Amino acid sequence: MLTLPSGLIVSCQAPVDSPLHDPEIIAAIAKTAVKRGAVGVRIDTPAHIAAVRQQVAQPIIGLWKRQFPGFSVYITPRFEEAAAIAQAGADIIAIDATLRNRPDGETVASLIAQIHQKLAKPVMADIDTLAAAIAAVEAGADCVGTTLYGYTEATKHLSPPGFELLSQLVKQLDCPVICEGGISSPTFAKQAIALGANAIVVGTAITGIDYLVQGFQEAITNS
């Protein structure tokens with residue numbers, strides 16, 4: 001299986017109502033990120049992954065955000081989504097690996113097993129707590145990311161970046177650890193690497209034009 005690259009991974013995504021939410025535009029953003037030194041990219045939806053695959057040779061961490069009534073899990077919740085993004089060209093499959101129920105009776109363990117056995121792809125486990133990370137690794141996850149720290153019911157009182165969680169993961173897990181979420185500056189990126197992260201994923205601070213413009217606009221409007 002592909003070895004996870006060490007360094008900067010750029011999450012190239014956009015809100016569904018954004019003009020940037022277009023496969024060709026996302027591919028251009030991803031190509032730019034790689035040209036400037038990113039070792040990989042993180043991409044949502046099969047259409048965007050397929051477009052990026054045509055432009056980028058570096059590893060793609062693929063995911064598919066899909067929401068189902070009655071379930072909070074939305075990052076590649078089922079094998080159906082995992083298979084689609086693998087077919088589109090993803091090298092690594094990112095899944096929600098929190099300790100929450102998911103649709104169709106899927107579990108973290110069953111999902112990872114199917115991805116390994118049927119797709120022959122490594123799995124990035126997006127977690128929110130140390131307990132979820134340990135369970136994911138025991139289930140066979142190839143790497144773990146702090147992606148959902150601060151975004152679940154169990155961690156909503158916490159704000160990313162989850163440096164304390166990152167330190168715990170580095171000390172207790174025998175697999176690559178990725179720091180994702182809240183890396184809003186080069187200083188934070190450097191700090192995450194110093195704490196032992198094998199790689200960092202930066203999204204909004206680099207590619208989140210919609211959110212960045214909105215933040216500036218709100219600041220000057222409310223001043």
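Everything numeric in this text was worked out from a predicted model, so none of it was measured.
Nearest heavy atoms, Pro59 versus Val39: CD-O, 3.4 Å. Taking each heavy atom of Pro122 and Asp142 in turn, the nearest pair found is CA-OD2, 3.1 Å. For the residue pair Ala38 and Val10, the shortest heavy atom distance occurs at CB-CG2, 3.8 Å. The two atoms that bring Ala97 and Ala132 nearest to each other are O-CB, 3.7 Å, heavy atoms only. Taking all atoms of both residues into account, the shortest heavy-atom contact from Pro19 to Ile25 is O-CD1, 3.3 Å. Closest approach of Leu99 to Ala131, counting heavy atoms only: CD1-CB, 4.2 Å.
Between Arg42 atom CZ and Cys12 atom SG the span is 11.5 Å, to the nearest 0.5 Å. Once rounded to the nearest 0.5 Å, the distance linking CG of Leu169 with CD1 of Ile127 reads 5.0 Å. Interatomic distance, CD1 of Ile93 versus CD1 of Ile60, reported as 10.0 Å (0.5 Å rounding). Atom CD1 of Ile115 sits about 10.5 Å away from atom CD of Glu81, to the nearest 0.5 Å. One distance of note links CD of Gln168 with OG1 of Thr129; it measures 9.5 Å at 0.5 Å rounding. Taking NZ of Lys35 as the reference point, atom CD of Gln58 lies at 13.0 Å (rounded to 0.5 Å).
At distances below 3.5 Å, at least one donor-acceptor pair connects side-chain atoms of Lys121 with backbone N or O atoms of Ala90. The closest donor-acceptor contact from the side chain of Thr146 to the backbone of Glu180 lies under 3.5 Å. Judged by distance alone, the side chain of Arg53 and the main-chain N or O of Val56 form a donor-acceptor pair under 3.5 Å. Of the possible polar contacts, none joining the Thr207 side chain to the Thr204 backbone as a donor-acceptor pair under 3.5 Å is found. Not one N or O on the side chain of Ser18 forms a donor-acceptor pair closer than 3.5 Å with the backbone of Ala14. Under a 3.5 Å cut-off, the side chain of Thr155 and the backbone N or O of Gly150 do form a donor-acceptor pair.
Ile206 and Tyr211 fall into different hydrophobic clusters, where Ile, Leu, Val, Met, Phe, Trp and Tyr side chains are chained together by heavy-atom contacts under 4.5 Å. Both Val137 and Val170 are assigned to one and the same hydrophobic cluster, defined by single-linkage of ILVMFWY side chains at heavy-atom distances under 4.5 Å. Hydrophobic clustering of Ile, Leu, Val, Met, Phe, Trp and Tyr side chains at less than 4.5 Å, counting indirect connections, unites Leu111 with Val123. Clustering ILVMFWY residues whenever any of their side-chain heavy atoms sit less than 4.5 angstrom apart, transitively, puts Val177 in the very cluster that holds Tyr149. Cluster annotation: Met124 is not connected to Leu130 through the hydrophobic network of ILVMFWY side chains, with a link wherever side-chain heavy atoms come within less than 4.5 Å.
With contacts defined as side-chain heavy-atom distances shorter than 4.5 Å, the pair Ile134/Leu173 qualifies. Side-chain atoms of Thr76 and Ile85, non-hydrogen and from C-beta on, do get closer than 4.5 Å to each other. Side-chain contact check for Pro46 versus Trp64: some heavy-atom pair is nearer than 4.5 Å. In this structure the side chain of Ile43 never reaches within 4.5 angstrom of the side chain of Leu63, judged on heavy atoms. Inter-residue side-chain proximity for Asn198 and Ile178 is flagged as unmet; no heavy-atom pair is nearer than 4.5 Å. Here the side chains of Gln191 and Phe163 are in contact, with some heavy-atom distance below 4.5 Å. Val201 places none of its side-chain heavy atoms less than 4.5 Å from the side chain of Ile183. Side-chain contact check for Val202 versus Ile9: every heavy-atom pair is 4.5 Å or farther apart.
Using modelled atom types and a 3.5 Å distance limit, the side chains of Thr98 and Asp128 yield no donor-acceptor pair. Between the side chains of His48 and Asp22, not a single donor N or O lies within less than 3.5 Å of an accepting N or O.
Between Tyr74 and Phe68, the distance separating the two ring centers is not shorter than 6.0 angstrom.
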>> Pair Val41, Val52 - check side chain to side chain contact (heavy atoms under 4.5 Å, CB included), show working.
In response: CA-CA 9 Å; Val41 291; Val52 172; 4.1 Å; yes

> Can you check side chain to side chain contact (heavy atoms under 4.5 Å, CB included) on Gln114 and Glu106, steps first, answer last?
Replying inline: CA-CA 11 Å; Gln114 290 182 87; Glu106 194 75 79; 3.1 Å; yes

>> Run Val108 and Arg102 through side chain to side chain contact (heavy atoms under 4.5 Å, CB included) and show every step you take.
In response: CA-CA 9 Å; Val108 171; Arg102 59 206 66 225; 3.5 Å; yes

>> Evaluate Glu153 against Arg100 for side chain to side chain contact (heavy atoms under 4.5 Å, CB included), listing each step before the verdict.
In response: CA-CA 10 Å; Glu153 285 297 313; Arg100 300 182 290 183; over 6 Å; no

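Taking the charged nitrogens against the carboxylate oxygens, Arg78 and Asp96 have no contact shorter than 4.0 Å, which rules out a salt bridge.
Cation-pi contact between Lys118 and Phe79: present, with separation from the ring centre below 6.0 Å and deviation from the ring axis of at most 45°.
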